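The sequence lines fix the lettering, A, B, ..., with proteins before strands; numbering per chain opens at 1. Predicted model only: the values in this text are computed from it and were never measured.
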Protein chains: 2
Amino acid sequence: MPKCNTGHEVLVVVGQVRPVAHPTSPALHVLHVLLWQHTLGPAAGRWALPGGVVGDDEDLATSATRQLAEKVDVRSLSHLESVAEFSDPSRIPGRRVFASGFLGVLPSDADPDIPDDTAWFRVDDLPDTVFDHAEIVARARARLAAKLSYSTLGFALAPEEFTLSTLAQHYAAALGHPVDPTNLQRILTRRGELVRCGRSAPPGPSGGRPAALYRFAERRLRITDQFATLRPPVDVLTEDRA
Amino acid sequence: MPKCNTGHEVLVVVGQVRPVAHPTSPALHVLHVLLWQHTLGPAAGRWALPGGVVGDDEDLATSATRQLAEKVDVRSLSHLESVAEFSDPSRIPGRRVFASGFLGVLPSDADPDIPDDTAWFRVDDLPDTVFDHAEIVARARARLAAKLSYSTLGFALAPEEFTLSTLAQHYAAALGHPVDPTNLQRILTRRGELVRCGRSAPPGPSGGRPAALYRFAERRLRITDQFATLRPPVDVLTEDRA
DNA sequence: TCAAAAGTGTTAACAGTACACCCATGG
DNA sequence: CCATGGGTGTACTGTTAACACTTTTGA
């Protein structure tokens, strides 16, 4: 293989809503990001996104999936999408490397066995990161928040079955602002995303009405609100559906 | 320079709303795309997007701008943005080449001197194109249409000064469905995008009230409708603004 | 005075936030 | 029977598509 003066890597922002132990924290659920720590070289001690060089015979998404499985043992992504390309010629020292930033999402009930040199960090409280990785996290986070609003992406955050309050907490953790469970229910029901399981979750230690369990009708990404305005006339829409 | 087994190119979908001569066509304005024709090799006769290999010391957007200027003499883009990365290892024959697909927009009054081997094509009636270029056009077109709905991107299509009916025709050409000038005016005015020039356009040959001329308050991309739903509560929004 | 084109105003539907109120359960 | 939390219903606001109506021009 000839030596190359440029390379191409993928870097994945793996996001997961995780409970926070500390009881003084206002939010019980917080969006976390998976990072690993450099132990050698000039960046020793600093943290980086999982990823690596793209293989010759794989596309970017395939490479991202493979490297997450190999390097941090993450195999249960509910969503993976490309966010942006980072192409500044001097983004890292040494030879020129393009980076494809991806957003990966884990449902909150997934619990991968991550290696010793990796850890989960609250997205609002990242450690010292390497190169442009903090910017990549910011871009991925913005994408996640935006897409929750106009697509069915919520399924990727949630476990198989959930109560509406926990789902609202998941949305709140990802969006960064409170979400009213009442209104969330109306929106998701109107879109046909929610299905009642029939069963209920046991109430908390201090009593309270048991919460009904729901699941997503379909664990697949769909754009539900494509147009903020200037929507096509209804007759055009119905034509398209035919 | 060592020989590489992979490369990285940019490909730009240059979009422009252009008048259509044929009088039987229902729309007077149609979205067009700039393509150039291969004359040599196995792809001779087929059409391709402008672009080329990214230089060692330029980022992707810089490279796109440079190559449009050098190769098709397009220097008056009103907008340029990255759309997607095309990374299928076999997307083109021969060595592996990543392609960054860009959307470029020309205002309808720009009239670049394009070379002999390039031509404008209606976006709904493309000729035989090379490799995955048709898919890149489709992705860029979808991006343009979506972004018109929730941002100020309309300025990129329009000339410096315009009447509301021509502006509505520009939007209609890019969106692919009719746009009511009345409602367009309300929306853009509420967003503070429109400014009256004071002057009027001369009426057509068959008379009619002369149309007022408008311009955009600001020729800069801004997201105006970020949330389709699940917007943050008002107190959070005002906090952010402070 | 008429046709054509632009601009104004109105209406009805709808979506979304906020919030009050009722219900089910454990202690 | 009371506290705790879940669920339901409603009021209010803002936005938009659709369309009728008025205004201004040339012939």
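Mapping B/Ala211 and A/Asp180 onto DNA chain C by nearest heavy atom places B/Ala211 closer to the 5' end of the strand. Taking for each of B/Ala228 and B/Leu213 the nucleotide of DNA chain C with the nearest heavy atom, the 5'-most of the two is the partner of B/Leu213.
For the pair B/Gln226 CD and C/dG16 P, the interatomic distance rounds to 16 Å; values are reported in whole Å. The separation between A/Asp225 atom CG and D/dT16 atom C1' is 14 Å, rounded to whole Å. Look at CD on A/Gln169: it is 9 Å from P on D/dG6, rounded to the nearest Å. Per the geometry, CG belonging to B/Asn183 stands 7 Å off C1' belonging to D/dA18, to the nearest Å. C/dT8 atom P lies 14 Å from atom CG of B/Leu184, rounded to whole Å. For the pair B/Gln185 CD and C/dG7 P, the computed distance is 7 Å after rounding to whole Å. A/Leu188 has its CG atom 15 Å from the C1' atom of D/dG7, to the nearest Å. Between A/Phe227 atom CZ and D/dA17 atom C1' the separation is 14 Å, expressed in whole Å.
Put simply, the side chain of A/Thr182 and the base of C/dT17 share no donor and acceptor less than 3.5 Å apart. Between the side chain of A/Arg186 and the base of C/dT17 there is at least one donor-acceptor pair of N/O atoms closer than 3.5 Å. Judged by distance alone with a 3.5 Å cut-off, no donor-acceptor contact links the side chain of B/Arg231 to the base of D/dT15.
The side chain of B/Arg209 contributes no N or O atom lying less than 4.0 Å from OP1 or OP2 of D/dG26.
Across all their heavy atoms, B/Ala134 and B/Thr129 have their closest contact at CB-OG1, 3.5 Å. Scanning both residues, B/Asp73 and B/Pro112, for their nearest heavy atoms gives O-CB, 3.7 Å.
Residue A/Thr229 places its side chain closer to D/dT16 than to any other of D/dT16, C/dA18, C/dG16. Closest contact between the side chain of B/Pro210 and the listed nucleotides D/dT24, C/dT8, C/dA6 involves D/dT24.
Aromatic ring pairs are classed by plane angle as parallel below 30°, tilted from 30° to 60° and perpendicular above 60°; the pair A/His170 and A/His29 is tilted.
Using a 4.5 Å heavy-atom cutoff, the side chains of B/His133 and B/Leu35 are not in contact.
Within the 4.0 angstrom heavy-atom criterion, only backbone atoms of the sugar-phosphate kind lie near A/Arg196; the bases stay farther away.
Look at B/Asp124 and B/Arg141 and you find a salt bridge, because one of the NZ, NE, NH1 or NH2 atoms lies within 4.0 Å of a carboxylate O, short of that distance.
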